[in-house]
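Values below: all heavy atoms of this structure, side chains included; hydrogens, waters and symmetry mates excluded. All figures in this text were calculated on a predicted structure; none of them were measured in a lab. For the single chain, residues carry numbers from 1 onward in sequence order.
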Amino acid sequence: MKSVLAAQFWNEEVQSARSLDAVMHALPKQAPALGMVQGTHLSRSQQLLLLQRMLWIPCTPSYVVDSDNGGGLVLDRVLASTGGSHWWTTLTGRVRAQRLFGKVGHQQKDTVNDNSQSRAPTVKRKKWLDYAGRLLDSSLYALCLRSRIQLGPHTSLSASSELDSLSSSTADHEEADFDDRLPWRGRVALRHKMQRHHLIMEAAWHQCFVDREARYWEVPQAVSVDVVSARPTAGLRYRLGVHQSAGMPVESGGEVRARKVPLGALPGTWFQAAASLEKSLNLWKDGLHLRHASGKPYSVLGTSPHLSISGIVGGLVSASLEPKFENYGFRSTVRYQALEDSDQQELKPEISQPVSADLFASLGLSAQLGLFQRPVLDFTKLDVRVDLGAAAATISSRSATAHQRDENGFPSLVVSLQQQVVGPVRARIDSRLALDPSAPREWPYMQELVYGLDYCLESLGAAKVCVWYSPTRREGMAELRILER
(Lines give C-alpha, C1' and ligand atoms only; values in the text may rest on other atoms or scores of the structure.)
Protein backbone atom coordinates (compact mmCIF):
# COMPACT_ATOMS: atom_id res chain seq x y z
CA MET A 1 0.00 0.00 0.00
CA LYS A 2 2.96 2.34 0.39
CA SER A 3 3.01 2.90 -3.39
CA VAL A 4 -0.40 4.60 -3.13
CA LEU A 5 1.11 7.60 -1.33
CA ALA A 6 4.19 7.69 -3.59
CA ALA A 7 1.94 7.75 -6.68
CA GLN A 8 0.69 11.21 -5.68
CA PHE A 9 4.15 12.66 -6.47
CA TRP A 10 6.45 12.86 -9.50
CA ASN A 11 9.24 10.48 -8.43
CA GLU A 12 7.50 7.10 -8.58
CA GLU A 13 9.61 4.81 -10.79
CA VAL A 14 8.05 2.62 -13.46
CA GLN A 15 9.91 -0.08 -15.38
CA SER A 16 10.01 0.49 -19.12
CA ALA A 17 11.97 -1.02 -21.99
CA ARG A 18 11.81 2.28 -23.89
CA SER A 19 14.72 3.50 -21.79
CA LEU A 20 18.06 1.71 -21.77
CA ASP A 21 18.17 2.50 -18.06
CA ALA A 22 14.74 0.77 -17.87
CA VAL A 23 13.24 3.57 -15.75
CA MET A 24 10.40 5.98 -16.47
CA HIS A 25 8.49 8.03 -13.92
CA ALA A 26 4.77 8.21 -13.31
CA LEU A 27 2.88 11.47 -13.38
CA PRO A 28 1.44 12.63 -10.03
CA LYS A 29 -2.06 11.91 -8.75
CA GLN A 30 -2.23 8.72 -10.79
CA ALA A 31 -2.99 5.15 -9.83
CA PRO A 32 0.06 3.18 -8.59
CA ALA A 33 1.98 1.18 -11.17
CA LEU A 34 1.05 -2.46 -11.62
CA GLY A 35 3.15 -4.97 -9.71
CA MET A 36 5.25 -6.30 -12.59
CA VAL A 37 6.28 -2.82 -13.76
CA GLN A 38 6.98 -1.19 -10.40
CA GLY A 39 10.48 0.02 -9.60
CA THR A 40 13.05 -2.56 -8.52
CA HIS A 41 15.81 -2.72 -5.91
CA LEU A 42 18.48 -3.09 -8.62
CA SER A 43 19.38 -0.68 -11.39
CA ARG A 44 19.24 -1.98 -14.95
CA SER A 45 23.02 -2.11 -15.27
CA GLN A 46 23.27 -4.16 -12.05
CA GLN A 47 20.66 -6.57 -13.38
CA LEU A 48 22.52 -7.03 -16.66
CA LEU A 49 25.84 -7.59 -14.90
CA LEU A 50 24.36 -10.32 -12.69
CA LEU A 51 22.70 -11.99 -15.69
CA GLN A 52 25.97 -11.88 -17.64
CA ARG A 53 28.31 -13.06 -14.91
CA MET A 54 26.17 -15.49 -12.91
CA LEU A 55 23.73 -16.87 -15.48
CA TRP A 56 25.97 -16.51 -18.55
CA ILE A 57 23.39 -14.57 -20.55
CA PRO A 58 25.40 -12.49 -23.07
CA CYS A 59 22.58 -10.12 -24.08
CA THR A 60 19.25 -9.51 -22.37
CA PRO A 61 16.30 -9.08 -24.77
CA SER A 62 13.58 -6.45 -24.60
CA TYR A 63 10.71 -5.59 -26.91
CA VAL A 64 9.79 -2.03 -27.86
CA VAL A 65 7.43 -0.75 -30.55
CA ASP A 66 8.23 2.82 -31.53
CA SER A 67 5.79 5.57 -32.47
CA ASP A 68 6.03 4.67 -36.18
CA ASN A 69 5.00 1.05 -35.38
CA GLY A 70 8.55 -0.02 -36.12
CA GLY A 71 11.19 -1.43 -33.85
CA GLY A 72 10.64 -4.66 -31.96
CA LEU A 73 13.37 -6.82 -30.45
CA VAL A 74 16.35 -5.04 -28.87
CA LEU A 75 19.38 -6.52 -27.10
CA ASP A 76 21.00 -4.93 -24.03
CA ARG A 77 24.42 -5.63 -22.54
CA VAL A 78 26.84 -4.00 -20.11
CA LEU A 79 29.89 -3.15 -22.22
CA ALA A 80 32.20 -1.97 -19.44
CA SER A 81 32.16 -1.55 -15.68
CA THR A 82 34.52 -0.26 -13.05
CA GLY A 83 34.34 0.82 -9.45
CA GLY A 84 35.74 0.85 -5.96
CA SER A 85 34.58 0.39 -2.40
CA HIS A 86 32.34 3.49 -2.48
CA TRP A 87 31.56 4.00 -6.16
CA TRP A 88 30.84 2.24 -9.44
CA THR A 89 30.27 3.15 -13.09
CA THR A 90 28.79 1.12 -15.93
CA LEU A 91 28.43 1.61 -19.66
CA THR A 92 25.46 -0.21 -21.18
CA GLY A 93 24.81 -0.66 -24.89
CA ARG A 94 21.76 -1.52 -26.95
CA VAL A 95 21.30 -2.73 -30.51
CA ARG A 96 17.91 -2.60 -32.24
CA ALA A 97 18.16 -6.08 -33.68
CA GLN A 98 14.76 -6.24 -35.38
CA ARG A 99 15.31 -2.96 -37.17
CA LEU A 100 18.74 -4.15 -38.21
CA PHE A 101 17.62 -7.38 -39.87
CA GLY A 102 14.02 -6.51 -40.69
CA LYS A 103 14.83 -3.65 -43.04
CA VAL A 104 17.39 -5.57 -45.05
CA GLY A 105 15.17 -8.63 -45.31
CA HIS A 106 12.32 -6.50 -46.65
CA GLN A 107 14.56 -4.85 -49.24
CA GLN A 108 15.87 -8.17 -50.47
CA LYS A 109 12.48 -9.87 -50.82
CA ASP A 110 11.58 -8.37 -54.18
CA THR A 111 15.13 -8.68 -55.45
CA VAL A 112 15.20 -12.43 -54.90
CA ASN A 113 11.87 -12.87 -56.71
CA ASP A 114 12.97 -10.84 -59.73
CA ASN A 115 16.30 -12.63 -60.26
CA SER A 116 16.78 -16.00 -61.85
CA GLN A 117 18.42 -18.95 -60.16
CA SER A 118 21.66 -18.27 -62.02
CA ARG A 119 22.01 -14.98 -60.18
CA ALA A 120 21.15 -16.40 -56.76
CA PRO A 121 24.77 -16.42 -55.46
CA THR A 122 25.14 -12.77 -56.46
CA VAL A 123 21.91 -11.84 -54.69
CA LYS A 124 22.99 -13.62 -51.50
CA ARG A 125 26.36 -11.92 -51.60
CA LYS A 126 24.69 -8.52 -52.04
CA LYS A 127 22.36 -9.31 -49.14
CA TRP A 128 25.26 -9.97 -46.78
CA LEU A 129 26.96 -6.78 -47.96
CA ASP A 130 23.78 -4.88 -47.14
CA TYR A 131 23.77 -6.42 -43.68
CA ALA A 132 27.40 -5.37 -43.19
CA GLY A 133 26.64 -1.84 -44.34
CA ARG A 134 23.63 -1.71 -42.12
CA LEU A 135 25.82 -2.40 -39.10
CA LEU A 136 27.38 1.03 -39.61
CA ASP A 137 24.05 2.80 -39.14
CA SER A 138 24.56 4.58 -35.83
CA SER A 139 20.82 5.14 -35.31
CA LEU A 140 20.46 1.43 -34.47
CA TYR A 141 22.55 1.74 -31.31
CA ALA A 142 22.09 3.34 -27.90
CA LEU A 143 24.37 3.92 -24.92
CA CYS A 144 23.77 4.61 -21.24
CA LEU A 145 26.39 5.71 -18.71
CA ARG A 146 25.38 5.24 -15.08
CA SER A 147 27.35 6.05 -11.91
CA ARG A 148 26.77 5.89 -8.19
CA ILE A 149 28.92 7.35 -5.42
CA GLN A 150 28.48 6.71 -1.69
CA LEU A 151 29.24 10.11 -0.15
CA GLY A 152 28.70 8.95 3.41
CA PRO A 153 27.08 6.23 5.50
CA HIS A 154 23.62 7.56 4.66
CA THR A 155 24.18 9.71 1.55
CA SER A 156 24.48 8.61 -2.07
CA LEU A 157 24.73 10.42 -5.40
CA SER A 158 23.64 8.71 -8.63
CA ALA A 159 23.68 9.97 -12.21
CA SER A 160 22.76 8.60 -15.61
CA SER A 161 23.27 9.86 -19.14
CA GLU A 162 21.54 8.09 -22.00
CA LEU A 163 21.71 8.39 -25.78
CA ASP A 164 18.69 6.86 -27.49
CA SER A 165 20.58 7.01 -30.77
CA LEU A 166 24.24 7.49 -31.66
CA SER A 167 23.26 9.41 -34.77
CA SER A 168 24.05 13.11 -34.54
CA SER A 169 21.30 14.00 -36.98
CA THR A 170 18.26 11.82 -37.40
CA ALA A 171 17.62 13.30 -40.84
CA ASP A 172 20.78 11.64 -42.15
CA HIS A 173 19.35 8.16 -41.71
CA GLU A 174 16.36 6.75 -43.47
CA GLU A 175 15.40 4.59 -40.54
CA ALA A 176 16.01 7.18 -37.84
CA ASP A 177 12.60 8.81 -38.25
CA PHE A 178 11.14 6.60 -35.56
CA ASP A 179 12.11 9.19 -32.95
CA ASP A 180 12.23 12.89 -33.75
CA ARG A 181 12.99 13.95 -30.18
CA LEU A 182 16.38 14.92 -28.84
CA PRO A 183 18.02 11.50 -28.41
CA TRP A 184 19.59 12.34 -25.03
CA ARG A 185 18.25 12.23 -21.50
CA GLY A 186 20.02 12.71 -18.18
CA ARG A 187 19.22 12.44 -14.50
CA VAL A 188 21.01 13.25 -11.22
CA ALA A 189 19.69 12.19 -7.80
CA LEU A 190 20.96 12.85 -4.27
CA ARG A 191 19.51 10.72 -1.47
CA HIS A 192 20.13 11.20 2.23
CA LYS A 193 18.70 8.84 4.82
CA MET A 194 17.96 10.16 8.29
CA GLN A 195 16.54 8.36 11.26
CA ARG A 196 12.93 9.21 10.55
CA HIS A 197 13.04 10.86 7.14
CA HIS A 198 14.56 10.50 3.69
CA LEU A 199 15.64 13.53 1.66
CA ILE A 200 15.48 13.13 -2.13
CA MET A 201 16.77 15.76 -4.59
CA GLU A 202 16.50 15.06 -8.31
CA ALA A 203 17.14 16.91 -11.55
CA ALA A 204 16.25 15.50 -14.97
CA TRP A 205 16.51 16.56 -18.59
CA HIS A 206 14.24 15.18 -21.32
CA GLN A 207 12.81 12.72 -18.82
CA CYS A 208 9.86 10.57 -19.92
CA PHE A 209 6.76 10.30 -17.74
CA VAL A 210 3.93 7.80 -18.18
CA ASP A 211 0.26 8.46 -17.37
CA ARG A 212 -2.44 5.99 -16.36
CA GLU A 213 -3.46 5.56 -20.02
CA ALA A 214 0.04 4.16 -20.77
CA ARG A 215 1.01 7.25 -22.78
CA TYR A 216 4.51 8.70 -22.56
CA TRP A 217 5.29 12.40 -22.15
CA GLU A 218 8.76 13.88 -22.48
CA VAL A 219 9.38 16.84 -20.18
CA PRO A 220 12.43 18.97 -21.19
CA GLN A 221 13.51 19.91 -17.63
CA ALA A 222 12.38 18.90 -14.16
CA VAL A 223 13.74 19.51 -10.66
CA SER A 224 12.26 18.19 -7.41
CA VAL A 225 13.00 18.11 -3.68
CA ASP A 226 11.07 15.70 -1.43
CA VAL A 227 11.03 14.75 2.24
CA VAL A 228 9.59 11.29 2.89
CA SER A 229 8.81 9.53 6.15
CA ALA A 230 11.24 6.64 6.55
CA ARG A 231 8.77 4.15 8.03
CA PRO A 232 5.12 4.25 9.03
CA THR A 233 4.37 5.25 12.61
CA ALA A 234 1.17 3.52 13.72
CA GLY A 235 0.29 3.24 10.03
CA LEU A 236 0.93 6.94 9.31
CA ARG A 237 3.01 7.96 6.31
CA TYR A 238 3.62 11.47 5.02
CA ARG A 239 5.51 13.21 2.27
CA LEU A 240 6.03 16.76 1.06
CA GLY A 241 7.98 18.24 -1.80
CA VAL A 242 8.47 20.92 -4.43
CA HIS A 243 8.52 20.13 -8.14
CA GLN A 244 9.43 22.46 -11.01
CA SER A 245 9.29 21.65 -14.70
CA ALA A 246 10.10 23.82 -17.71
CA GLY A 247 9.40 23.42 -21.40
CA MET A 248 6.38 22.09 -23.24
CA PRO A 249 5.82 18.32 -22.86
CA VAL A 250 5.80 16.19 -25.99
CA GLU A 251 3.87 12.95 -26.31
CA SER A 252 5.99 10.11 -27.61
CA GLY A 253 5.60 6.42 -28.30
CA GLY A 254 1.80 6.37 -28.15
CA GLU A 255 -0.38 4.58 -30.69
CA VAL A 256 -3.37 6.86 -30.05
CA ARG A 257 -2.77 10.51 -29.24
CA ALA A 258 -4.25 11.95 -26.08
CA ARG A 259 -7.04 14.55 -26.15
CA LYS A 260 -5.23 16.68 -23.59
CA VAL A 261 -1.89 17.07 -21.88
CA PRO A 262 -2.01 15.81 -18.27
CA LEU A 263 -1.78 18.60 -15.72
CA GLY A 264 1.22 16.96 -14.04
CA ALA A 265 3.27 17.21 -17.25
CA LEU A 266 2.76 20.95 -17.78
CA PRO A 267 5.50 23.45 -16.88
CA GLY A 268 5.30 25.23 -13.55
CA THR A 269 6.31 25.07 -9.91
CA TRP A 270 4.23 23.05 -7.48
CA PHE A 271 4.26 22.34 -3.78
CA GLN A 272 2.59 19.16 -2.55
CA ALA A 273 2.04 17.65 0.86
CA ALA A 274 0.28 14.36 1.55
CA ALA A 275 -0.35 12.07 4.49
CA SER A 276 -1.94 8.64 4.64
CA LEU A 277 -3.08 6.15 7.23
CA GLU A 278 -2.93 2.45 6.40
CA LYS A 279 -4.12 -0.68 8.14
CA SER A 280 -4.00 -4.40 7.36
CA LEU A 281 -5.90 -7.29 8.93
CA ASN A 282 -5.43 -11.06 8.58
CA LEU A 283 -8.79 -12.77 8.23
CA TRP A 284 -7.29 -16.25 7.98
CA LYS A 285 -3.79 -17.73 8.10
CA ASP A 286 -2.87 -21.39 7.73
CA GLY A 287 -0.91 -22.53 10.78
CA LEU A 288 -0.45 -26.07 9.45
CA HIS A 289 2.34 -24.98 7.10
CA LEU A 290 4.84 -25.57 9.93
CA ARG A 291 4.26 -29.31 9.55
CA HIS A 292 5.81 -29.27 6.08
CA ALA A 293 9.33 -29.03 7.47
CA SER A 294 10.63 -31.59 4.99
CA GLY A 295 9.62 -29.50 2.00
CA LYS A 296 11.82 -26.69 0.76
CA PRO A 297 10.03 -23.79 -0.94
CA TYR A 298 11.26 -22.58 -4.30
CA SER A 299 11.45 -19.05 -2.89
CA VAL A 300 12.60 -18.08 0.60
CA LEU A 301 10.22 -15.13 0.44
CA GLY A 302 7.17 -17.33 0.04
CA THR A 303 4.44 -16.68 2.57
CA SER A 304 2.00 -19.12 4.10
CA PRO A 305 -1.58 -19.45 2.82
CA HIS A 306 -3.64 -16.52 4.01
CA LEU A 307 -6.59 -14.25 3.46
CA SER A 308 -6.11 -10.61 4.39
CA ILE A 309 -7.50 -7.17 3.72
CA SER A 310 -5.74 -3.82 3.78
CA GLY A 311 -6.76 -0.24 3.30
CA ILE A 312 -5.33 3.23 3.08
CA VAL A 313 -6.88 6.69 3.19
CA GLY A 314 -5.06 9.96 2.79
CA GLY A 315 -5.24 13.61 1.93
CA LEU A 316 -3.28 15.72 -0.55
CA VAL A 317 -2.75 19.48 -0.78
CA SER A 318 -1.27 21.04 -3.93
CA ALA A 319 -0.33 24.68 -4.49
CA SER A 320 1.09 26.47 -7.50
CA LEU A 321 4.10 28.57 -6.49
CA GLU A 322 4.32 30.23 -9.88
CA PRO A 323 0.90 31.45 -11.08
CA LYS A 324 2.33 32.96 -14.24
CA PHE A 325 4.91 31.33 -16.47
CA GLU A 326 5.85 34.21 -18.75
CA ASN A 327 8.42 32.32 -20.79
CA TYR A 328 5.73 30.17 -22.32
CA GLY A 329 2.92 32.69 -22.58
CA PHE A 330 0.37 30.98 -20.35
CA ARG A 331 -0.32 30.25 -16.72
CA SER A 332 1.43 27.27 -15.23
CA THR A 333 -1.80 25.96 -13.72
CA VAL A 334 -3.73 25.67 -16.98
CA ARG A 335 -5.10 22.44 -18.33
CA TYR A 336 -5.03 21.78 -22.06
CA GLN A 337 -7.73 19.95 -23.93
CA ALA A 338 -8.23 19.16 -27.59
CA LEU A 339 -11.05 20.61 -29.67
CA GLU A 340 -12.38 17.60 -31.55
CA ASP A 341 -14.65 19.70 -33.75
CA SER A 342 -11.58 20.94 -35.62
CA ASP A 343 -9.75 19.04 -38.35
CA GLN A 344 -6.45 19.90 -36.73
CA GLN A 345 -6.62 19.48 -32.98
CA GLU A 346 -5.74 22.55 -30.98
CA LEU A 347 -4.87 22.92 -27.33
CA LYS A 348 -7.18 25.21 -25.40
CA PRO A 349 -6.14 26.42 -21.95
CA GLU A 350 -8.46 26.13 -18.97
CA ILE A 351 -7.56 27.96 -15.77
CA SER A 352 -7.52 25.69 -12.74
CA GLN A 353 -7.32 26.52 -9.06
CA PRO A 354 -3.80 27.49 -7.83
CA VAL A 355 -4.50 25.67 -4.54
CA SER A 356 -6.37 22.39 -4.32
CA ALA A 357 -7.03 19.72 -1.74
CA ASP A 358 -8.31 16.22 -2.25
CA LEU A 359 -8.68 12.78 -0.72
CA PHE A 360 -7.47 9.41 -2.01
CA ALA A 361 -8.16 5.92 -0.77
CA SER A 362 -7.50 2.27 -1.64
CA LEU A 363 -8.92 -1.00 -0.38
CA GLY A 364 -7.24 -4.33 -1.13
CA LEU A 365 -7.83 -8.05 -0.68
CA SER A 366 -5.06 -10.68 -0.82
CA ALA A 367 -5.58 -14.45 -0.87
CA GLN A 368 -2.99 -17.22 -1.25
CA LEU A 369 -3.27 -20.98 -1.43
CA GLY A 370 -0.33 -23.38 -1.45
CA LEU A 371 3.21 -23.31 -0.05
CA PHE A 372 5.17 -23.20 -3.34
CA GLN A 373 6.98 -26.44 -2.45
CA ARG A 374 5.46 -29.13 -4.66
CA PRO A 375 6.37 -29.48 -8.35
CA VAL A 376 2.97 -28.52 -9.80
CA LEU A 377 0.11 -26.19 -8.84
CA ASP A 378 1.20 -25.52 -5.25
CA PHE A 379 0.91 -21.74 -5.39
CA THR A 380 -2.06 -19.56 -6.28
CA LYS A 381 -2.31 -15.93 -5.28
CA LEU A 382 -4.99 -13.35 -6.02
CA ASP A 383 -4.71 -9.65 -5.23
CA VAL A 384 -7.60 -7.25 -5.79
CA ARG A 385 -7.41 -3.53 -5.08
CA VAL A 386 -9.83 -0.65 -5.61
CA ASP A 387 -8.21 2.78 -6.04
CA LEU A 388 -10.04 6.07 -5.59
CA GLY A 389 -7.40 8.45 -6.82
CA ALA A 390 -9.14 11.78 -6.28
CA ALA A 391 -12.52 12.09 -4.58
CA ALA A 392 -13.21 15.63 -5.84
CA ALA A 393 -12.28 14.71 -9.40
CA THR A 394 -14.55 11.65 -9.20
CA ILE A 395 -17.51 13.79 -8.16
CA SER A 396 -16.84 16.47 -10.79
CA SER A 397 -16.46 13.84 -13.54
CA ARG A 398 -20.05 12.68 -13.04
CA SER A 399 -21.44 16.01 -14.25
CA ALA A 400 -18.68 16.96 -16.68
CA THR A 401 -18.79 16.71 -20.45
CA ALA A 402 -16.53 14.39 -22.41
CA HIS A 403 -14.02 17.22 -22.91
CA GLN A 404 -13.98 18.24 -19.24
CA ARG A 405 -13.67 14.87 -17.53
CA ASP A 406 -10.61 14.38 -15.41
CA GLU A 407 -9.52 10.79 -15.97
CA ASN A 408 -7.45 10.93 -12.78
CA GLY A 409 -10.75 10.87 -10.93
CA PHE A 410 -11.91 7.61 -12.47
CA PRO A 411 -11.95 4.85 -9.83
CA SER A 412 -9.99 1.81 -10.93
CA LEU A 413 -9.93 -1.88 -10.12
CA VAL A 414 -6.56 -3.67 -10.06
CA VAL A 415 -6.55 -7.46 -10.33
CA SER A 416 -3.36 -9.54 -10.07
CA LEU A 417 -3.28 -13.33 -10.38
CA GLN A 418 -0.22 -15.58 -9.86
CA GLN A 419 -0.17 -19.30 -10.52
CA GLN A 420 2.60 -21.87 -10.27
CA VAL A 421 3.03 -23.70 -13.57
CA VAL A 422 5.76 -26.21 -12.84
CA GLY A 423 8.64 -26.14 -10.37
CA PRO A 424 9.94 -22.61 -9.77
CA VAL A 425 8.05 -21.20 -12.79
CA ARG A 426 5.00 -19.04 -12.13
CA ALA A 427 2.66 -17.23 -14.51
CA ARG A 428 1.23 -13.84 -13.64
CA ILE A 429 -1.22 -11.34 -15.06
CA ASP A 430 -1.79 -7.78 -13.81
CA SER A 431 -4.65 -5.63 -15.06
CA ARG A 432 -6.25 -2.28 -14.30
CA LEU A 433 -9.88 -1.55 -15.15
CA ALA A 434 -11.39 1.95 -14.99
CA LEU A 435 -15.01 2.95 -14.53
CA ASP A 436 -16.30 6.23 -15.89
CA PRO A 437 -18.41 7.84 -13.09
CA SER A 438 -20.47 9.75 -15.69
CA ALA A 439 -21.59 6.47 -17.29
CA PRO A 440 -22.02 3.95 -14.45
CA ARG A 441 -24.02 1.55 -16.64
CA GLU A 442 -21.19 1.09 -19.12
CA TRP A 443 -18.70 -1.73 -18.73
CA PRO A 444 -15.30 -0.85 -17.23
CA TYR A 445 -12.59 -0.44 -19.83
CA MET A 446 -9.05 -1.78 -19.75
CA GLN A 447 -6.46 0.87 -18.94
CA GLU A 448 -3.38 -1.33 -18.63
CA LEU A 449 -2.56 -5.01 -18.97
CA VAL A 450 0.68 -6.83 -18.19
CA TYR A 451 1.32 -10.56 -18.26
CA GLY A 452 4.52 -12.51 -17.72
CA LEU A 453 6.48 -15.38 -16.20
CA ASP A 454 8.99 -15.54 -13.36
CA TYR A 455 11.58 -18.16 -12.47
CA CYS A 456 12.81 -18.29 -8.87
CA LEU A 457 16.58 -18.80 -8.60
CA GLU A 458 17.44 -21.17 -5.77
CA SER A 459 21.16 -20.37 -6.08
CA LEU A 460 20.53 -16.67 -5.33
CA GLY A 461 17.94 -17.24 -2.61
CA ALA A 462 15.63 -14.25 -2.88
CA ALA A 463 16.04 -13.52 -6.60
CA LYS A 464 13.98 -14.33 -9.66
CA VAL A 465 14.15 -13.78 -13.41
CA CYS A 466 11.03 -12.10 -14.77
CA VAL A 467 9.81 -11.76 -18.33
CA TRP A 468 6.78 -9.53 -18.95
CA TYR A 469 4.93 -7.95 -21.85
CA SER A 470 2.30 -5.20 -21.89
CA PRO A 471 0.07 -4.99 -24.99
CA THR A 472 -1.29 -1.62 -23.87
CA ARG A 473 2.20 -0.13 -23.59
CA ARG A 474 3.50 -2.21 -26.52
CA GLU A 475 6.68 -3.18 -24.75
CA GLY A 476 8.20 -5.98 -22.72
CA MET A 477 11.48 -6.94 -21.10
CA ALA A 478 13.41 -9.56 -19.18
CA GLU A 479 14.88 -8.53 -15.84
CA LEU A 480 16.30 -9.78 -12.55
CA ARG A 481 14.44 -8.87 -9.37
CA ILE A 482 15.44 -9.41 -5.76
CA LEU A 483 13.54 -9.33 -2.45
CA GLU A 484 10.16 -9.49 -4.19
CA ARG A 485 7.45 -12.09 -3.80
| message | Go through it in stages, so that I can follow the logic: the residues are W270 and H243, the test is ring pair (Phe, Tyr, Trp, His ring centres under 6.0 Å), and I'd like the CA-CA distance, side-chain angles, deciding distance and then a yes or no. | response | CA-CA 5 Å; W270 293 87; H243 176 88; 9.4 Å; no
| query | Can you name the residues that form a salt bridge (charged side-chain N to carboxylate O under 4.0 Å, His left out) with E12, not counting sequence neighbours? | reply | none
| said: With heavy-atom distances below 4.5 Å as the criterion, would you say the side chains of F360 and L5 are in contact? | reply: yes
| said: Can you confirm whether P28 sits close enough to W10 that some side-chain heavy atom of one is under 4.5 Å from a side-chain heavy atom of the other? | reply: yes
| Tell me, which pairs form a salt bridge (Lys or Arg N to Asp or Glu O under 4.0 Å) where one or both residues lie in residues 453-465, sequence neighbours left out? | R426-D454
| query | F372 versus Q420: any side-chain heavy-atom pair under 4.5 Å? | reply | yes
| remark: Applying salt bridge (charged side-chain N to carboxylate O under 4.0 Å, His left out) to E448 and not counting sequence neighbours gives R432, R473
| request: Evaluate the criterion side-chain contact (heavy atoms from CB on, under 4.5 Å) for residue pair L42 and L50; output intermediate values, then yes/no. | output: CA-CA 10 Å; L42 293 175; L50 289 174; 3.8 Å; yes
| query | So do the side chains of T155 and L190 get within less than 4.5 Å of each other, counting heavy atoms only? | reply | yes
| said: I'd like to know if the side chain of Y141 and the backbone of L135 have a donor-acceptor N/O pair within less than 3.5 Å. | reply: yes
| query | Is there a donor-acceptor pair under 3.5 Å between the side chain of S19 and the backbone N or O of D21? | reply | yes
| said: Aromatic contact between H25 and F9, with the criterion being ring centroids under 6.0 Å apart: yes or no? | reply: no
| request: State which residues pass side-chain contact (heavy atoms from CB on, under 4.5 Å) with S161; sequence neighbours excluded, sorted by chain then number. | output: W184
| All salt bridge (charged side-chain N to carboxylate O under 4.0 Å, His left out) counterparts of R148, not counting sequence neighbours | none
| Side chain to side chain, S16 and E475, heavy atoms closer than 4.5 Å | yes
| said: Do L48 and T92 make a side-chain contact, defined as non-hydrogen atoms from C-beta onward lying under 4.5 Å apart? | reply: yes
| task | Taking all heavy atoms of A33 and all of Q38, pick out the closest pair and write down the distance. | result | O-NE2, 3.0 Å
| Tell me the salt bridge (Lys or Arg N to Asp or Glu O under 4.0 Å) pairs involving residues 71-93, sequence neighbours left out? | R44-D76, D76-R94
| field | N-O pairing of E162 and R146 below 4.0 Å | value | no
| query | Closest heavy-atom contact between A274 and L316? | reply | CB-CD1, 3.7 Å
| Heavy-atom side-chain proximity of L49 to W88 below 4.5 angstrom | no
| task | Take D383 and R385 through the salt bridge (Lys or Arg N to Asp or Glu O under 4.0 Å) test and state the conclusion after the steps. | result | CA-CA 7 Å; D383 292 307; R385 189 181 73 241; over 6 Å; no
| Applying the side-chain contact (heavy atoms from CB on, under 4.5 Å) test to V415, which of L34, L382, D430, I429 qualifies? | L382
| field | Parallel, tilted or perpendicular: ring planes of Y469 versus Y63, cut at 30 and 60 degrees | value | perpendicular
| Is there a side-chain contact between R187 and Q207, using heavy atoms and a 4.5 Å cut-off? | yes
| message | Test your reading of the model: is there a side-chain donor-acceptor pair from Q98 to the backbone of L73, 3.5 Å cut-off? | response | yes
